[in-house]
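Working notes for the structure below.
Please read all numbers here as calculations on a predicted model, not as lab measurements.
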Amino acid sequence: MRMRKKADLPTKVCACCQRPFAWRKKWAQVWDEVKYCSERCRHSRTPLTSAGSVSPSGPDPTRNARHRHATPPRAPR
């Protein structure tokens, strides 16, 4: 099999972050169904507005709870 340049591969625009992404070999069988550029975008599924901020409905506060601090920060010693 001959190598191809990345510029020669088909591209799509991510439904979440609106960034272009290129075809990957692991998507060969399902390329028509691929909508998101990454697992992060696939899990968030919150489309961004053109200004780059979160959509007017806002993010779901129950999502990505693990990224918030579970415990308050420690006091300095």
Side-chain angles (χ1 to χ4, degrees):
M1 186 167 138
R2 192 167 175 221
M3 297 293 290
R4 297 177 71 165
K5 293 181 182 177
K6 189 164 183 158
D8 295 338
L9 297 173
T11 61
K12 287 187 177 186
V13 176
C14 179
C16 181
C17 67
Q18 303 302 310
R19 293 182 180 169
F21 62 97
W23 180 90
R24 290 181 175 180
K25 187 175 181 179
K26 70 179 184 177
W27 293 334
Q29 301 296 321
V30 293
W31 179 245
D32 294 332
E33 300 167 19
V34 176
K35 297 178 187 176
Y36 304 101
C37 64
S38 63
E39 287 292 318
R40 181 178 181 175
C41 284
R42 187 171 69 89
H43 288 296
S44 71
R45 295 185 186 182
T46 304
L48 299 176
T49 61
S50 60
S53 61
V54 177
S55 65
S57 62
D60 183 0
T62 61
R63 285 205 173 272
N64 296 327
R66 63 186 165 102
H67 292 111
R68 292 191 200 105
H69 293 285
T71 58
R74 289 191 262 172
R77 292 182 184 192

Legend entry - Distance-minimising heavy-atom pair for Cys37 and Cys14: N-SG, 3.5 Å
Legend entry - Atom of Glu33, atom of Lys12 and distance for their closest heavy-atom approach: N-NZ, 4.4 Å
Inset, instruction - Apply salt bridge (charged side-chain N to carboxylate O under 4.0 Å, His left out) to Glu39 and list each qualifying residue two or more places apart in sequence or on a separate chain. - result: Arg42
Inset, instruction - Supply the members, apart from Trp27, of the Ile/Leu/Val/Met/Phe/Trp/Tyr cluster built from side-chain contacts under 4.5 Å; use none for a lone residue. - result: Leu9, Phe21, Trp23, Val30, Trp31, Val34
Inset, instruction - List the atom of Ala15, the atom of Tyr36, and the distance in Å for their closest heavy-atom pair. - result: CB-CE2, 3.8 Å
